[in-house]
Protein chains: 2
Amino acid sequence: MSTIGDVAKAAGVSVATVSRALRGVDRVSPRTRDRVLAAASELHYVASPAATSLVSGRTRGIGVITPYFNRWFFATVISGIEKTLRDEGHHVLLCDLEGPTFDTRMPITQNMLWKRADGAIILNVPPEPSERALLDRLDMPVVTVGNRQSGWPSVRVDDRAAMALATGYALELGHRAIGYAGTVPASVTHLQTPFDRREAFGEVLAQHGITCPPAWTLECDWTAQGAFDHADRLFARPDHPTCVVAASDEMAFGVIAAARRHGLDVPGDVSVIGIDDHVHAQILDVTTVRQDVEAQGRYAGELMLRALKGEEVSAAHDHVLEVELVVRGSTAPPRTRTSGGSSVTRLPEHLTTTSASSVATAPSVGSAGALDR
Amino acid sequence: MSTIGDVAKAAGVSVATVSRALRGVDRVSPRTRDRVLAAASELHYVASPAATSLVSGRTRGIGVITPYFNRWFFATVISGIEKTLRDEGHHVLLCDLEGPTFDTRMPITQNMLWKRADGAIILNVPPEPSERALLDRLDMPVVTVGNRQSGWPSVRVDDRAAMALATGYALELGHRAIGYAGTVPASVTHLQTPFDRREAFGEVLAQHGITCPPAWTLECDWTAQGAFDHADRLFARPDHPTCVVAASDEMAFGVIAAARRHGLDVPGDVSVIGIDDHVHAQILDVTTVRQDVEAQGRYAGELMLRALKGEEVSAAHDHVLEVELVVRGSTAPPRTRTSGGSSVTRLPEHLTTTSASSVATAPSVGSAGALDR
DNA sequence: CTGTTAGCGCCTTCAA
DNA sequence: TTGAAGGCGCTAACAG
């Protein structure tokens, strides 16, 4: 492949002129510029990024640091980032932090960013102190998506508000026996969203004098399969909630599948609500709290581009996208009366002591709706 | 950030010695080596990839060219690639070809590969002639995933065999009125899989003297939502198949959802079978043909690594992974008799003229099982 | 074993 | 408007 020298020779000018003509900066006479352009395209010339980067100090690459990219949310954010950056001639360097298990992650390392990226976009993972120090030392623009990190601009939804919306809707429907899917093992300290959502869930319930017992709280890996496995055990119990709030749609899918596998009707016997508006949530008819995931990626890309152009993108910048409740067929009010009257689920103890007596006395039926699969 | 010169100064040696010590090549006295290592880590030194690349000609980056990043199959392949490359210190350069619509794609451009990548892995998209010429001109190792391209080694499953397995199973169950989801608009010429699968489907049917009428052939964008929309129209017809073979699990999800939305029981009234073993196929209880998607990515990554090491990875190399039928709850034999006898679907004309009379006389019921949602 | 030096391909002064 | 030359950070001969 040809170098700038080849083009210079072919066009009969110096390399400096080629450089100037090709980048369109400085003044170059139209005639020589055309000659250069012709020679360059003739030779399929493209400037070596390595050489350009060596002298300019910029790489036109943006490191995108993600805990997983094999999952819908992250792949969608990254897709939004990539399209935005591509339009400006930048590209994405994938930095997948995924470790051997859900509980572990790889550290952000210097050699995946140093002189290789002009900036970094961090998805949903609060950096550890050493990583924080590294990023500061690297002195490149950083944008976070999904979490607010002090010192950096961010793009996100309000996880607590989203969960409050979901939980609020469950209460509004009249549910008082509410389970939760989406806590994570204590070892997972690198993800903020699971904590925020769980906390908001607990708070909203508490405001109504309700608590969700541990047996109804499903700890899982935030996959549909993981949620299914845990929900499977939940629905095998003699008592189960009339509604399960899942911290993500994918987990909601798993919970719904488990309920049906146990002969429960959704939403007749159990309502399920998720968060995200996953690409499959509509056809699976899952009530959810919608967030525009790709837009978060696009917006993060734009912020990065602006920072790269030298524009001041303040750390105070905190773009919080709206979320919206989308009611679909996976939720309904709890049954106020059992159809047969025989198989009334025993009310869990914690519910009998709350103030929400008006509805808490209407537990679900454990075995109706067995036809629905 | 520090350069090799800073380290040399700090260790009291020349830059050449630093370079040698750090890379562990050539002979360096243990004592000076330790001094260099200490100085380097003290200064957080990491060699500039640009400078290294400029002189060595290698970037340690591999371009991964994909028609979509945002879909399960591709994200999973890429995940496998990335993990494999990362272990050897290489990284992935994302080249997402996705254009504004399903029908269009961006071309593979020279400036996303030239001097930026040491090799390219192409996912499921046969390059156009000009792209082919570019890749040849770039003279870098290329591995294809999902399709066989002459001149390059490949990793894939046999799409035709996979579809034959799915279709064969439908026939084995006794279905003769079989629909298909997964043809693509004529403008989509850059994806091979849709064609291979459709062709194999038609051939297997033909071997049994059956054809699938156009009205039962759903052309869509290979998303669950797209399949849902088309299947929605299919199930609104007075006649509909007793089984739908979908060219991907995601489309199968959409078909199943549409069937249920029309009050049809799956598999009672309609069987649905997919291909892929998508991460949600198990909980959604979808019969499918399993392929190990991440393994294809891993294997492609290994091939690339071997080629990069100078090993001869012949273009004749064609690694075809096994596929496997996974029978789940979305399929069953067709009903041989209507329960009520009232709402018999009119037999589509093409079926009355085939030789498959023994089963073709047992069409599905259009309105039973309305309880299943 | 270690230091010196010449590029890798490009951009950027500084002169002309 | 154009050319010559220095240098970005590093590696690879070649000396010593």
Side-chain angles (χ1 to χ4, degrees), chain A residues 1-37 39-40 43-61 89 110-111 113-118 138-139, chain B residues 1-40 43-61 89 110-111 113-118 138-140:
Chain A
M1 295 292 314
S2 45
T3 72
I4 198 174
D6 300 331
V7 178
K9 204 170 302 171
V13 295
S14 73
V15 294
T17 301
V18 173
S19 175
R20 285 187 284 247
L22 256 26
R23 285 174 309 132
V25 302
D26 294 335
R27 359 212 88 275
V28 178
S29 92
R31 283 225 315 290
T32 57
R33 194 174 57 78
D34 290 347
R35 280 222 313 287
V36 170
L37 260 40
L43 295 171
H44 300 291
Y45 172 76
V46 172
S48 156
T52 304
S53 155
L54 186 57
V55 59
S56 72
R58 344 194 84 258
T59 63
R60 303 189 78 73
Q110 178 163 326
N111 52 36
L113 290 178
W114 161 234
K115 280 293 180 188
R116 188 166 300 215
D118 294 341
L138 258 22
D139 189 36
Chain B
M1 295 289 315
S2 47
T3 71
I4 198 173
D6 300 330
V7 178
K9 205 169 302 173
V13 295
S14 74
V15 294
T17 300
V18 173
S19 176
R20 285 187 286 247
L22 257 26
R23 284 175 307 138
V25 302
D26 295 335
R27 357 212 91 275
V28 179
S29 94
R31 283 224 313 290
T32 56
R33 194 174 58 78
D34 290 347
R35 281 221 312 287
V36 169
L37 259 41
L43 295 171
H44 300 292
Y45 172 75
V46 172
S48 156
T52 304
S53 156
L54 187 57
V55 58
S56 73
R58 348 195 81 258
T59 63
R60 303 189 80 74
Q110 178 162 325
N111 52 37
L113 290 178
W114 160 234
K115 280 291 177 189
R116 187 166 300 216
D118 294 341
L138 256 22
D139 190 36
M140 51 173 64

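Worth saying up front: this structure is predicted, and the values here are computed from it rather than measured. All heavy atoms count here, side chains included; hydrogens, waters and symmetry mates do not. Proteins come first, then strands; the chains are lettered A, B, ... in the order of their sequence lines, and each starts at number 1.
Overall, the helix from dC1(C)-dG16(D) to dA16(C)-dT1(D) carries an axis bend of 40° between its ends, with five pairs at each end and the value rounded to 10°.
Residue Thr17(A) has a polar side-chain atom (N or O) positioned under 4.0 Å from OP1 or OP2 of dG3(D).
Backbone-only engagement by Thr32(A) is indicated by non-hydrogen atom pairs under 4.0 Å involving sugar-phosphate atoms exclusively.
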Could you pull out all donor-acceptor pairs under 3.5 Å where a side-chain atom in residues 1-8 of chain B meets a protein atom, sequence neighbours excluded?
unit_1, atom_1, unit_2, atom_2, d
Ser2(B), OG, Leu43(B), O, 2.9
Thr3(B), OG1, Gly5(B), N, 3.2
Asp6(B), OD2, Thr3(B), N, 2.8

Please report, to 0.1 Å, the donor-acceptor pairs under 3.5 Å made by any side chain of residues 30-39 of chain B, with sequence neighbours excluded.
unit_1, atom_1, unit_2, atom_2, d
Thr32(B), OG1, Ser29(B), O, 2.9
Thr32(B), OG1, Ser29(B), OG, 3.1
Arg35(B), NE, Ala11(B), O, 3.2
Arg35(B), NH2, Ala11(B), O, 3.2

Below 3.5 Å, can you tabulate the donor-acceptor pairs from side chains in residues 46-54 of chain A to any protein atom, sequence neighbours excluded?
unit_1, atom_1, unit_2, atom_2, d
Ser48(A), OG, Ala50(A), N, 3.3
Ser48(A), OG, Ala51(A), N, 3.2
Thr52(A), OG1, Ser48(A), O, 2.9

Problem set entry | Sequence-aligned protein contact record of nucleotides 8-16 of chain D, with B where the base is within under 4.0 Å of a protein heavy atom and S where only the sugar-phosphate is | BBSSBB---
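Chain B approaches DNA chain C over the interval dC1(C) to dG9(C), counting the first and last nucleotide 5' to 3' with an atom under 4.0 Å from its heavy atoms.
Counting all heavy atoms, side chain and backbone alike, Met140(B) lies closest to Asp118(B) at CB-O, 3.5 Å. For the pair His44(A) and Gln110(B), the tightest heavy-atom approach, listed with the atom from each and the gap, is O-NE2, 2.5 Å.
The salt bridge (Lys or Arg N to Asp or Glu O under 4.0 Å) pairs that include a residue from residues 12-22 of chain A number zero, where partners must be two or more places apart or lie in different chains. Residue pairs meeting the salt bridge (Lys or Arg N to Asp or Glu O under 4.0 Å) criterion with at least one partner in residues 46-56 of chain B, sequence neighbours excluded, do not occur; the list is empty.
Residue Arg116(B) holds its CZ atom at 12.0 Å from CG of Leu138(B), rounded to the nearest 0.5 Å.
Scored by the side chain to side chain donor-acceptor pair (under 3.5 Å) test, Ser14(A) finds Thr17(A) as partners (sequence neighbours excluded). For Arg58(A), the side chain to side chain donor-acceptor pair (under 3.5 Å) criterion is met by no residue, not counting sequence neighbours.
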